[in-house]
Amino acid sequence: VKSTEWAIVTTLGNITSLDSQCKYIDRGAGLFPKWPYPIQKIEKFDKRNRCFSGSIGKLEETLTNDKKNVIIGIFIVYRIVDPVQFFKSVINIQNAEDQLNSFMRTSKNAVIGRYRFDQIVNTDSSKVKLSEIEKEICKEIESSAEKIGIEVGVAGINSIQLPEKIAEKVFNRMITE
């Protein structure tokens, strides 16, 4: 086991790396004996932070509070903090990222829907509320992700685009201002 990994030991399908109170026993890095494959199996998970920008719905139109469409891409930085809960709920990284993708999409749509278009895109930087939006998205994703043993450290917006029909109107308005 590497120092950057969690290791879950299962014996005949049951998690055996737990103490009497069903808490995970972190034995640290090193070489440990185990029974051959059919009897014992080791599942390893990375302890380090991972950056994830989603897959399905990565860049999709989202409706603002004033019923205007904007295309926003977000990312999160997460890490596994409870390997037992993680293993019981999602089993592997691929399933976890599928769940996170769903959480990201839901929270992005909910949070963006609470803000007006001019609070997202504006020539006056004092009216833009992107940092508040990022914090709200992070909070919403965090509350869902903790149920699967994941801690979300950061959520951020990595791209803002306008649909073509709206982009022309915005640029004309910016020119007049």
Side-chain angles (χ1 to χ4, degrees), residues 1-10 15 17-18 22-30 42-65 68-122 125-163:
V1 178
K2 297 178 185 173
S3 62
T4 59
E5 293 177 328
W6 297 108
I8 297 288
V9 180
T10 59
I15 299 174
S17 50
L18 303 174
C22 294
K23 302 271 187 199
Y24 177 71
I25 300 171
D26 187 8
R27 293 171 47 179
I42 307 293
E43 293 290 337
K44 295 179 185 176
F45 306 113
D46 200 342
K47 287 183 178 181
R48 297 174 291 184
N49 289 339
R50 297 175 59 91
C51 188
F52 180 63
S53 60
S55 52
I56 301 167
K58 188 175 185 178
L59 289 174
E60 64 183 3
E61 289 189 19
T62 303
L63 203 61
T64 62
N65 191 10
K68 294 185 180 170
N69 287 337
V70 65
I71 301 169
I72 295 184
I74 65 170
F75 70 92
I76 61 169
V77 177
Y78 74 92
R79 68 187 181 102
I80 300 167
V81 291
D82 186 347
V84 174
Q85 183 65 31
F86 182 84
F87 181 73
K88 286 179 177 178
S89 57
V90 291
I91 300 171
N92 61 35
I93 294 290
Q94 179 61 43
N95 293 343
E97 288 186 346
D98 289 344
Q99 287 272 19
L100 287 171
N101 192 57
S102 174
F103 300 155
M104 289 168 65
R105 189 176 186 194
T106 303
S107 64
K108 174 182 72 170
N109 291 338
V111 171
I112 297 299
R114 293 193 288 259
Y115 286 87
R116 294 184 321 273
F117 182 78
D118 65 337
Q119 293 175 310
I120 299 169
V121 178
N122 202 318
S125 61
S126 65
K127 294 180 181 177
V128 177
K129 306 282 186 194
L130 293 180
S131 61
E132 290 92 346
I133 292 171
E134 289 175 339
K135 287 176 187 171
E136 284 184 43
I137 289 173
C138 187
K139 269 187 199 171
E140 286 200 17
I141 296 171
E142 243 177 11
S143 65
S144 301
E146 70 184 11
K147 296 172 188 160
I148 60 172
I150 289 177
E151 174 186 84
V152 177
V154 176
I157 295 173
N158 57 6
S159 68
I160 299 175
Q161 300 173 8
L162 302 174

Item to check | Name of the residue among R105, K108, R114 meeting salt bridge (Lys or Arg N to Asp or Glu O under 4.0 Å) with E140 | outcome: R114
Item to check | Pair T10-F87, side chain to side chain contact (heavy atoms under 4.5 Å, CB included): steps then yes or no | outcome: CA-CA 10 Å; T10 59; F87 181 73; 3.9 Å; yes
What are the two closest non-hydrogen atoms of [X] and [Y], and how far apart are they?
X    : Y    : answer
L162 : V121 : CD2-CG2, 4.2 Å
F45  : P83  : CE1-O, 4.3 Å
F75  : I157 : CE2-N, 4.1 Å
C138 : G153 : SG-O, 4.1 Å
G54  : M104 : N-CE, 3.9 Å

Determine whether [X] and [Y] make a side-chain contact, defined as any pair of heavy atoms from C-beta on separated by less than 4.5 Å.
X    : Y    : value
N95  : I148 : no
T64  : I112 : yes
E60  : I71  : no
S159 : L59  : yes
Y115 : E136 : yes

Determine whether a donor-acceptor pair (N or O, by modelled atom type, separation under 3.5 Å) exists between the side chain of [X] and the backbone of [Y].
X    : Y    : value
E5   : K47  : no
W6   : I80  : yes
E61  : P163 : no
Q119 : R116 : yes
D82  : G149 : no

Item to check | Stepwise side chain to side chain contact (heavy atoms under 4.5 Å, CB included) check, I8 with I42 | outcome: CA-CA 6 Å; I8 297 288; I42 307 293; over 6 Å; no
Spacing of [atom1] belonging to [X] relative to [atom2] belonging to [Y], to within rounding of 0.5 Å:
X    : Y    : atom1 : atom2 : answer
K129 : N122 : NZ    : CG    : 10.5 Å
S53  : N158 : OG    : CG    : 6.5 Å
K127 : D118 : NZ    : CG    : 7.0 Å
N92  : K44  : CG    : NZ    : 16.0 Å
I120 : I133 : CD1   : CD1   : 4.5 Å
E134 : E132 : CD    : CD    : 9.5 Å

Next on the checklist: Less than 3.5 Å apart, any donor N or O on the side chain of N101 or E97 sitting next to an acceptor on the other?
Outcome noted: no
Next on the checklist: Go through it in stages, so that I can follow the logic: the residues are T62 and N69, the test is side chain to side chain contact (heavy atoms under 4.5 Å, CB included), and I'd like the CA-CA distance, side-chain angles, deciding distance and then a yes or no.
Outcome noted: CA-CA 5 Å; T62 303; N69 287 337; over 6 Å; no
Next on the checklist: Does Y78 form a side chain to side chain contact (heavy atoms under 4.5 Å, CB included) with N49? I'd like the steps, not just the answer.
Outcome noted: CA-CA 5 Å; Y78 74 92; N49 289 339; over 6 Å; no
Checklist outcome for this item: Between R50 and the options V77, I76, I93, I150, the side-chain contact (heavy atoms from CB on, under 4.5 Å) test singles out I93
